Amino acid sequence: MVENLERQAPDKFTVINELARRRGFFWQSYEIYGGVGGFVTYGFLGAKLKQNIENKLREIFVKKLGIMEIEAPIIAPGKVFEASGHVDHFKEPMVECLNCKRRFRADHLLEETAKLSASDVEKLNLEELKEAIKEHNVRCPECGGTFGEPKHFLTMFKTTIGPYSEAVGYGRPEAAQGIFVEFRRLYEMAREKLPFGVMQMGHALRNEISPRQGLIRLREFTIVDIEFFFDPEDPNCYLLEDVGDETLRLVLAESKLRGSEEIVEITVKEALEKGYIKVAWQAAFMALAKRLLMELGVPAENQRFIEKLPWERAHYSLQSFDQEVYVDRWGWIEVSGHAYRTDYDLKQHMQFSGVDIRVFKEYEKPIVKEKKVIKPLMAKLGPAFKQETQKIAEMLSEVDPEEVEALFKAKGYFMLGKHKISPEHVEITTCKMEERGRRFIPHVVEPSFGSDRLVYVTLEYAYRVKEGRVVLSFPRDIAPIQVGVYPLVSKDGLPEKALQVYKMLIDEGFTAEYDEAGSIGRRYARADEVGIPLGVTIDYDTLKDDTVTIRDRDTWKQVRNSINVLPELLHKYFRKKVEFKDLGTLVKE
RNA sequence: GCGGCCGUAGUCUAGUCUGGUAGGACUUCGGCCUCCCGAGCCGGCGACCCGGGUUCAAAUCCCGGCGGCCGCACCA
């Protein structure tokens with residue numbers, strides 16, 4: 001099997017997908033019906049690995065930064081994605097060649113063939129695209145054929161909510177909107193203080209045209225969206241204290257425009273000083289994302305952040321970086337996106353819903369302004385205008401006091417609609433206005449992770465071949481199974497003793513596995529292949545002195561120690577407080 | 001969606017051209033054996049992607065579909 005793999009030298013993607021299927025990490029869903037592209041089912045090991053990775057995200061963002069995790073629905077009424085701009089932007093205009101049936105992006109064709117600019121083409125609707133294609137006589141670049149009607153392909157899953165077909169709903173293509181639409185309540189829960197962050201981890205749906213990259217591109221996948229709200233006029237980012245000196249490897253848009261993928265290695269602080277990254281919070285989250293990937297086993301030099309060009313960016317973003325990891329098969333692939341969404345989403349929802357979702361921020365000292373006001377003297381207005389009085393009083397509050405004063409000076413009266421207002425009807429006074437704060441829509445930076453991709457890169461970076469055997473060297477704190485427990489041989493009471501140890505470890509909260517099948521070597525090999533960091537073996541000495549051997553997955557070294565010290569030592573080991581050599585005395589081979 | 005290649009147990013594969021009982025290896029399971037690294041022996045489970053057609057007879061030939069890989073396109 002392994003020899004076979006080495007002989008054919010397939011890429012890691014193939015090897016990992018095969019291993020994943022064989023050992024039950026994940027596989028393509030609906031296999032008994034032939035399988036459907038873009039959907040995946042995680043087995044026991046994969047689900048556990050994914051949970052452990054997701055918990056790592058929780059640890060970094062929820063526990064340490066106090067970001068609030070929420071869980072919102074996957075289906076949203078049409079309005080939500082109309083407001084967010086997805087209904088308009090989450091689709092591509094396509095034309096089909098009537099001759100060879102090839103499909104092309106209509107806008108791309110016009111850019112290339114008719115030499116129209118990207119921004120011009122983007123504005124065109126289907127009808128205009130059709131005309132532009134006709135006008136410029138655009139033909140199929142493959143066979144020279146003519147094109148049919150341009151059509152949009154919407155990449156959101158559309159459905160109806162309830163039995164009424166007019167109630168259109170969409171499966172969310174991102175979890176972010178579930179946060180934005182609940183902003184008011186979330187802001188309250190954050191004690192009405194900025195900055196604050198909200199995270200949502202859950203499934204998202206994108207009806208990809210041709211998803212053929214395993215966990216890398218799925219139609220249903222797990223997204224982790226963090227929306228971090230801040231005051232755009234208060235750039236202070238307290239995270240810089242922690243991450244300011246962290247280095248980032250950036251590929252800047254300006255380099256890409258020159259056709260280069262040159263990497264600028266720079267600290268977070270410097271990147272902000274030089275203006276490479278517009279928002280401090282965004283830079284800070286990029287640093288945290290880098291650390292996360294390192295903890296998943298991806299070294300810094302195999303990571304980079306690549307800036308999106310304006311036309312590559314999502315419709316809501318002012319600046320975007322993709323965090324990329326180098327993988328064997330495709331080179332650089334995106335594992336997280338960092339978008340500066342500004343106030344775009346909240347503004348849109350405010351407009352579409354009609355609900356004021358601005359926040360109020362009190363000034364440290366109220367700003368006192370002197371302001372002229374017109375005070376209607378009702379005692380004079382009443383007798384003069386009778387039933388019109390109320391209306392006039394309202395209208396007076398709308399006019400500019402300065403202007404009125406000037407008119408009085410010049411003409412001795414002014415016309416309010418058809419009414420003649422004289423100085424005797426009103427009083428113009430100066431009064432002190434106190435502005436206690438301001439109302440504004442917070443800005444947002446969004447770090448967004450793809451859980452499934454994290455699972456994939458974790459697997460790829462854990463993959464090793466040692467002496468012809470596959471070892472998944474997961475970081476010990478995300479390994480799906482922590483400890484394997486084995487009787488050296490399955491007789492003479494060793495299995496019974498091993499089961500006791502196994503139960504004790506389970507009771508202590510470890511994820512453990514008991515295995516007595518085959519020879520001990522076979523069991524170690526099997527455990528290595530699913531990445532179990534430690535193996536505890538019960539042998540004949542155990543029966544005499546209650547000690548066991550503990551085997552390290554990566555070095556295959558063994559130490560020996562008493563059963564009763566295992567729980568405490570192993571807890572420390574999995575929390576990275578002690579190393580393998582600290583678990584006991586080395587066994588000579 | 002298009003083009004090329006491909007589809008036999010969990011995995012790798014023989015058989016397909018030339019239609020006639022689907023065979024092996026690894027894995028897995030049970031047993032024996034086994035005092036630390038996929039050892040050995042015995043036994044068991046397990047497959048022709050789906051549908052239609054041709055034929056006495058289809059894994060094999062024909063048609064359609066589904067799925068995979070590679071390329072194109074797409075990836076907000």
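Each chain gets a letter, A, B and so on, in the order its sequence line appears, and its residues count up from 1. None of these values were measured; they are calculated from a predicted model.
As rounded to whole Å, 12 Å separates atom P of B/rU27 from atom CZ of A/Arg23. In this structure, A/Leu218 atom CG and B/rC75 atom P are separated by 18 Å, rounded to whole Å. Distance A/Glu516 CD to B/rC36 C1': 16 Å, rounded to the nearest Å. Note: CH2 (A/Trp27) to C1' (B/rG10) measures 11 Å, nearest angstrom. One interatomic measurement links the two molecules: CD of A/Glu324 to C1' of B/rC75, which rounds to 13 Å at whole-angstrom precision. For the pair A/Ile306 CD1 and B/rC75 P, the computed distance is 16 Å after rounding to whole Å. For the pair A/Arg21 CZ and B/rU11 C1', the interatomic distance rounds to 8 Å; values are reported in whole Å. Computed from coordinates, the A/Glu18 CD to B/rA9 P distance equals 13 Å when rounded to whole Å.
The same atom, P, is picked in B/rU55 and in B/rG65; the two are 23 Å apart, to the nearest Å. Taking atom C1' in both B/rG15 and B/rU8, the straight-line distance is 9 Å, to the nearest Å. Taking atom C1' in both B/rA14 and B/rC26, the straight-line distance is 15 Å, to the nearest Å. Comparing the C1' positions of B/rC29 and B/rC74 gives an interatomic distance of 46 Å, to the nearest angstrom. Taking atom C1' on both B/rG46 and B/rG51, the two are 25 Å apart, rounded to the nearest angstrom. B/rU54 and B/rC63 are spaced 11 Å apart, taking the C1' atom of each and rounding to whole Å. Between B/rG40 and B/rA57, the distance separating the two P atoms is 46 Å to the nearest Å. B/rU60 sits 9 Å from B/rC17 when the P atoms are compared, rounded to a whole Å.
Applying the Watson-Crick and G-U wobble criteria (two distances, each under 3.5 Å), B/rG20 pairs with B/rC56. Across all strands shown, B/rC72 is found opposite B/rG1 as a Watson-Crick or G-U wobble partner, with both distances under 3.5 Å. Judged by Watson-Crick or G-U wobble contacts below 3.5 Å, the nucleotide B/rA14 has no partner. When Watson-Crick and G-U wobble pairs are counted only if both distances are under 3.5 Å, B/rC66 pairs with B/rG7. Applying the Watson-Crick and G-U wobble criteria (two distances, each under 3.5 Å), B/rG40 pairs with B/rC32. B/rC48 is unpaired under the criterion used here, namely a Watson-Crick or G-U wobble arrangement in which both key atom distances are under 3.5 Å.
Of the side-chain N and O atoms in A/Lys491, one or more sit less than 4.0 angstrom from OP1 or OP2 of B/rU34.
Screening residues 487-499 of chain A for side-chain hydrogen bond (donor to acceptor under 3.5 Å, both in side chains) gives A/Asp492-A/Tyr540, A/Lys497-A/Asp546 as the qualifying pairs, with residues at least two apart or on separate chains. A salt bridge (charged side-chain N to carboxylate O under 4.0 Å, His left out) check over residues 333-343 of chain A, counting only residues at least two apart or in different chains, returns the pairs A/Glu174-A/Arg341, A/Arg341-A/Asp345, A/Arg341-A/Glu446, A/Asp343-A/Lys347. The salt bridge (charged side-chain N to carboxylate O under 4.0 Å, His left out) analysis of residues 215-228 of chain A, with sequence neighbours excluded, yields the pairs A/Glu208-A/Arg217.
Contacts of A/Gln28 with the nucleic acid, taken as non-hydrogen atoms under 4.0 Å apart, involve only primed sugar atoms and P, OP1 or OP2. Across all strands, A/Thr155 comes closer than 4.0 Å to no nucleic acid atom at all (heavy-atom distances). Among the atoms of the strands shown, none is found under 4.0 Å from any heavy atom of A/Gly85.
Distances from the side chain of A/Val489 to the nucleotides B/rC29, B/rC36, B/rC35 place B/rC35 closest. Nearest nucleotide to the side chain of A/Glu529, out of B/rC36, B/rU34, B/rG38: B/rG38. Checking B/rC33, B/rC74, B/rG10 against every side-chain atom of A/Arg22, the shortest atom distance belongs to B/rG10.
In summary, the aromatic rings of A/His349 and A/Phe183 are positioned with their centroids too far apart to meet the 6.0 Å limit. If you look at A/His89 and A/Tyr316, their ring centroids are not closer than 6.0 Å. Ring centroid separation for the pair A/Trp556 and A/Tyr524 does not come in under the 6.0 Å cut-off.
Shown here are the side-chain hydrogen bond (donor to acceptor under 3.5 Å, both in side chains) partners of A/Tyr456, two or more places apart in sequence or in another chain: A/Glu460. For the ring pair (Phe, Tyr, Trp, His ring centres under 6.0 Å) test, no residue two or more places apart in sequence or in another chain qualifies with A/Tyr573.
Residue A/Tyr524 and nucleotide B/rC36 are not classified as a stacked aromatic pair, given the requirement of ring centres less than 5.5 Å apart at an interplanar angle below 30°.
In terms of position along RNA chain B, the nucleotide closest to A/Val548 lies nearer the 5' end than the nucleotide closest to the other residue of the pair A/Val548 and A/His315. Take the nearest nucleotide of RNA chain B for A/Arg526 and for A/Arg453: the residue whose nucleotide is more 5' is A/Arg526.
The number of heavy-atom neighbours closer than 6.0 Å to NZ of A/Lys79, taken from other residues, nucleotides and ligands shown, is 12 or below.
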Can you name the atoms? Protein N/O to nucleotides 39-46 of chain B N/O, anything below 3.5 Å, with the distance.
unit_1 : atom_1 : unit_2   : atom_2 : d
B/rA39 : OP1    : A/Arg522 : NH1    : 2.7
B/rA39 : OP2    : A/Ser519 : OG     : 2.7
B/rA39 : OP2    : A/Arg522 : NH1    : 3.4

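You'll find a donor-acceptor pair under 3.5 Å spanning the side chain of A/Arg551 and the base of B/rC37, going by distance alone. The base of B/rC36 sits within donor-acceptor range of the side chain of A/Asp539, with an N or O pair under 3.5 Å. Side-chain atoms of A/Arg469 come within donor-acceptor range of the base of B/rC37, with a qualifying N/O pair under 3.5 Å.
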Can you check salt bridge (Lys or Arg N to Asp or Glu O under 4.0 Å) on A/Asp528 and A/Arg464, steps first, answer last?
CA-CA 10 Å; A/Asp528 288 344; A/Arg464 313 242 184 296; over 6 Å; no

